[in-house]
There are 2 protein chains.
Amino acid sequence: MFEALQAMAEPTRFTILQLVRKSEMSAGEIAGNFKGLTRPAVSQHIGVLKKAGLLVERRAGTSRIYRIRPQGFAGLKILLEDFWDPRLEKLKAAAEKEEKRRKS
Amino acid sequence: MFEALQAMAEPTRFTILQLVRKSEMSAGEIAGNFKGLTRPAVSQHIGVLKKAGLLVERRAGTSRIYRIRPQGFAGLKILLEDFWDPRLEKLKAAAEKEEKRRKS
DNA sequence: GACTTACGTAAGTGTCAACTTAAATATAAG
DNA sequence: CTTATATTTAAGTTGACACTTACGTAAGTC
């Protein structure tokens, strides 16, 4: 979970995520978007993202196609919510309590 | 915004954020929670978090007291939601359909 | 089998950031 | 002004990691 946070907090890797977010892409297509960076370098970054659970791989012929793995971001979202405005949290909690009470 | 992401993606700094989240703390109190780490080291981390907009400082006598700055996390939340978009779900579904078709 | 395409992996290197110790700064109190 | 306390800033060291080039691997084509 923290591994995912570390993985995406690197400029090249973050760019990869933004690219793949729009539509799944092959490793070669991803690497094509980076000039001044070799293909192995990009491949290594993809490996980190995959290990962190932010990307999934699928093979098609000699190509490997990657897409976002939304579940990998779910945990991060929860992690961040802990730092959200306490006043909002209280409001939210109160609203949910109210909701429960109303249902019973 | 990305600076904030990088700032919190470091174990010591993330721990600092978790500590201060509960209640504001002085630099000394924060440093007291880390054994095997000098005060200057912690101070430098605090500096990074402050610069990234995740902490705010307030002075009281010789002490400097820090607390979370929720606005600093707001942008990050939005950033993450870009990867948790309903459109992604559609993409995933389409990809799975494609996968099935390819296999048959 | 030989070749090509599309990748990943291995091994080595250079840079940067997380640390250290030492010195500086700010506020308070005698 | 001197001393004490709380903390940052300066300067220098070192290990991790983002790169490179070279090699390995897997699938497709002739």
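These numbers come from a predicted model, not from an experiment. Each chain gets a letter, A, B and so on, in the order its sequence line appears, and its residues count up from 1.
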**Q** Hey, does the side chain of A/Ser26 come within less than 4.0 Å of C/dC7's phosphate (OP1/OP2), counting only N and O?
**A** yes
**Q** Tell me if the CD atom of A/Gln18 is crowded by more than 12 foreign heavy atoms within 6.0 Å.
**A** yes
**Q** Could you tell me the separation between the CZ atom of B/Arg64 and the P atom of C/dA26, rounded to a whole number of Å?
**A** 9 Å
**Q** Is the shortest distance from a Lys or Arg side-chain nitrogen in B/Glu24 or B/Arg58 to a carboxylate oxygen in the other one below 4.0 Å?
**A** yes
**Q** Need one value for B/Tyr66: base, sugar-phosphate or nothing, where a base atom within 4.0 Å counts as base even if backbone is also close, heavy atoms only.
**A** sugar-phosphate
**Q** May I ask you to evaluate whether A/Thr62 reaches the phosphate of C/dA6, defined as a side-chain N or O under 4.0 Å from OP1 or OP2?
**A** no
**Q** Expressed in angstrom and rounded to an integer, what is the separation of A/Ile46 atom CD1 from D/dA18 atom P?
**A** 15 Å
**Q** Identify all pairs in which a protein N or O lies below 3.5 Å from an N or O of nucleotides 18-25 of chain C, and state each distance.
**A**
| from | atom 1 | to | atom 2 | distance (Å) |
| --- | --- | --- | --- | --- |
| C/dA18 | OP2 | B/Arg13 | NH1 | 3.0 |
| C/dC19 | OP2 | B/His45 | NE2 | 2.1 |
| C/dT20 | OP2 | B/Thr38 | N | 3.2 |
| C/dT20 | OP2 | B/Thr38 | OG1 | 2.5 |
| C/dT20 | O4 | B/Gln44 | NE2 | 3.1 |

**Q** Between B/Phe83 and A/Leu76, does a side chain to side chain contact (heavy atoms under 4.5 Å, CB included) hold up when you go through it step by step?
**A** CA-CA 11 Å; B/Phe83 297 102; A/Leu76 285 181; over 6 Å; no
**Q** Quick one: A/Leu49 CG to D/dA18 P, roughly how many Å, whole number?
**A** 11 Å
**Q** Determine yes or no for a side-chain-to-main-chain donor-acceptor pair under 3.5 angstrom, with A/Arg21 supplying the side chain and B/Asp82 the backbone.
**A** yes
**Q** Please confirm whether the backbone N or O of B/Leu54 pairs with a side-chain atom of B/Arg69, one donor and one acceptor, at under 3.5 Å?
**A** no
**Q** Tell me whether B/Lys77 at atom NZ has more than 12 heavy atoms from other residues, nucleotides or ligands lying less than 6.0 Å away.
**A** yes
